[in-house]
Every structure is written in structure tokens, then in C-alpha cells.
A.B. asks: 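Quick one: structure below, then a few questions.
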Number of protein chains: 2
Amino acid sequence: MATSITSIRDLAASVRGRRRSLGLSQAQLAGRAHVSRQWVGQFEAGRPTAELRLVLQVLEALDLRLTLDERDGDRREPSSAIDLDALLDEHRRER
Amino acid sequence: MATSITSIRDLAASVRGRRRSLGLSQAQLAGRAHVSRQWVGQFEAGRPTAELRLVLQVLEALDLRLTLDERDGDRREPSSAIDLDALLDEHRRER
DNA sequence: ACAAAATGTCAGCGTACGGCGACAATCATA
DNA sequence: TATGATTGTCGCCGTACGCTGACATTTTGT
């Protein structure tokens, strides 16, 4: 049951959902993740400036695993954008 | 080709690896992700206090996808720790 | 060998983060 | 309905983040 994370809001919603499904209060989660209760609340509300380390701590406390994979082939633009830049750089070098 | 992310170091290494495999410099990636070049360098070096939003921006710029999934069943302790707390809470309520 | 490109590192600046205590508002339950 | 639990929000404080410019060091390419 994997959820794709494309935004902070996705992540926040997943964290809140998981916390609730485990029957934990924000305070309990905070204790396990070594963050403040207020931090949990604000993170769940979608705060984009949260510190990565603390995010990972919370995910760990909730037994949530993050995985990272490539999505080349799924996107149309980035590969052409990359080629364009590489091309220009190369062109500049040859000149 | 999915990589499990269990630490900042994992993530940083994946980002650097991906950037290199795409043939991008830190400066190029920085431009695409709307962060400073120095930020990319420090993040790749494993800085744990990076801002989540910027991390997601960089992952997007590298066409890397994050997914989140539950790992109950893989761990032995958390489920017993959670049960203990829930039990105590319930016990307190009944009293 | 040398030059250009890339990366590592430093310092200054302004903004804001995380923890804390506290209180308001909301929710759950008896 | 009343009460306790939970969550939202505020303000204070000290620390540090991200950007920038700059320079040192390393790597790459010829």
C-alpha cells in the first residue's frame, strides 16, 4: 500500500492518517519522534519548511518507509529540457 | 529501481548519484530546483537540517519520485510498544 | 602541464525555525 | 450537558537556515 508523495500536502496527510490509524495523539507521536507536539501539528497542517531530519524521525516513529525511484519515461518534458541545456553547454564549449 | 531511504545520508547519496548520472552540475541542478548551488552541495554532503520543500523541489528536478509505505510486519518492536501505550491509555480511561 | 569547470567552504545578512509555556477552540465520551 | 482529551494558535527565545558573493581546492578536459 504505497503512496506517491508529490507534495508536502501528500506527506502531511499520510502522516496524519497513519498516526490516527495507529491511535496515537500528536503528543504521543511527538514523544516517540523526539519533536515537540506543536511541530507535529504544524507539520500535519502542511508546513513546507520543516526540517528534513525531523520529518524522517516522525516517519520512523510511524513505521513508514520512504523509497525513492526514478521516473524517467513517465515524464515528457524533463528529458528534452535536459538535452537542450546539455546541447547549449556543449555548443559553448566548442566555440 | 527503488532505493529505500532510511537516513539523510541515503537520500543525499541518491541525489548526488542521480545528478551525476544525468550529467548535471550542482549549479545546473540548483537552477532547475530553484535553490542555491551551495544548498545543493551541502545537501549532497548530508545536511540534516535542510528544508523539506527544497528537498522535494530537488527530487522533482531530478525526476525522482518518493513513495511512502507502511512497514508493519517488518519490525518487531514498534507494534509491541504501541500496544503497551494504547493499553495503558485504555486502562486509565476505564478507571 | 595548464586552464576551465566544478565543488568545497567561509562570512554576512535577514528571516524564521523548533522548543517551550500557555491558552483558545474543538472533539470525544460519559 | 459537562468534562477531559486533543488540537490549533500565539508569543518569546536562541539558533541557524538559505541566499549571496567570494575565494580555495579539486576535478576534468585538452
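Per chain, numbering begins at 1; letters A, B, ... match sequence-line order.
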A.B. asks: Which whole-number value in Å describes the distance from B/F43 CZ to D/dG18 P?
C.D. replies: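 B/F43 atom CZ is separated from D/dG18 atom P by 10 Å.
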
A.B. asks: To the nearest Å, give me how far apart CD (A/E51) and C1' (C/dA16) are.
C.D. replies: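 Distance, rounded to whole Å: 13 Å.
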
A.B. asks: Return the value, rounded to whole Å, for the distance between atom NE2 of B/H34 and atom P of D/dT20.
C.D. replies: 13 Å

A.B. asks: When the distance from CD of A/Q42 to P of D/dG11 is rounded to whole Å, what number comes out?
C.D. replies: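 Spelled out: CD on A/Q42 to P on D/dG11 is 13 Å.
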
A.B. asks: Any donor-acceptor pair under 3.5 Å linking the side chain of A/R19 with the backbone of A/L24?
C.D. replies: yes

A.B. asks: Does B/T49 put a side-chain nitrogen or oxygen below 4.0 Å from OP1 or OP2 of D/dC17?
C.D. replies: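 Checking D/dC17 against B/T49, a side-chain N or O does come within under 4.0 Å of OP1 or OP2.
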
A.B. asks: A/W39 has an atom CH2; how far is it from atom P of D/dT7, in whole Å?
C.D. replies: 15 Å

A.B. asks: Contact class for B/V35 (heavy atom, under 4.0 Å): base, sugar-phosphate, or nothing?
C.D. replies: sugar-phosphate

A.B. asks: Is there a donor-acceptor pair under 3.5 Å between the side chain of B/R18 and the backbone N or O of B/L62?
C.D. replies: yes

A.B. asks: Check each of A/R16, A/R20, A/R37 against A/E44 using the salt bridge (Lys or Arg N to Asp or Glu O under 4.0 Å) test, and report the only one that passes.
C.D. replies: A/R16

A.B. asks: Sub-3.5 Å donor-acceptor pair from the side chain of B/Q57 to the main-chain atoms of B/A33, do we have one?
C.D. replies: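 Yes; at least one donor-acceptor contact below 3.5 Å.
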
A.B. asks: Quickly work out the B/Q57 CD to D/dC19 C1' distance and round it to whole Å.
C.D. replies: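 Taking atom C1' of D/dC19 as the reference, CD of B/Q57 is at 14 Å.
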
A.B. asks: Would you indicate, yes or no, if D/dT7 has its OP1 or OP2 atom less than 4.0 angstrom from a side-chain nitrogen or oxygen of A/R19?
C.D. replies: yes

A.B. asks: Can you find a side chain N or O atom of A/R47 that sits less than 4.0 Å from OP1 or OP2 on C/dG18?
C.D. replies: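 Result: yes.
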
A.B. asks: Pick the closest DNA chain C nucleotide for B/A27 and for A/S36 by heavy atoms, then say which residue is nearer the 5' end.
C.D. replies: B/A27

A.B. asks: Could you tell me how far apart B/Q38 (CD) and C/dT7 (P) are, to the nearest whole angstrom?
C.D. replies: 12 Å

A.B. asks: Counting only N and O atoms by type, is there a donor-acceptor contact under 3.5 Å from the side chain of B/Q42 to the main-chain atoms of B/W39?
C.D. replies: no

A.B. asks: Indicate whether OP1 or OP2 belonging to D/dA5 is found under 4.0 Å from a side-chain N or O atom of A/Q26.
C.D. replies: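 No, no such contact exists.
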
A.B. asks: Could you pick out which residue, B/E44 or A/R37, lies toward the 5' side of DNA chain C when each is mapped onto its nearest nucleotide?
C.D. replies: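 Taking each residue's closest nucleotide, the earlier one in sequence belongs to B/E44.
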
A.B. asks: Categorize A/R16 for me: base, sugar-phosphate, or nothing, with a 4.0 angstrom heavy-atom threshold over every strand shown.
C.D. replies: sugar-phosphate

A.B. asks: Once you round it to whole Å, what is the distance between P of D/dG18 and CG of B/L52?
C.D. replies: 11 Å

A.B. asks: Given D/dT6, C/dG18, D/dC19, which nucleotide is nearest the side-chain atoms of A/S25?
C.D. replies: D/dT6

A.B. asks: Could you check whether B/A50 gets within reach of a base, just the sugar-phosphate, or nothing at all, counting any heavy atom under 4.0 Å?
C.D. replies: sugar-phosphate

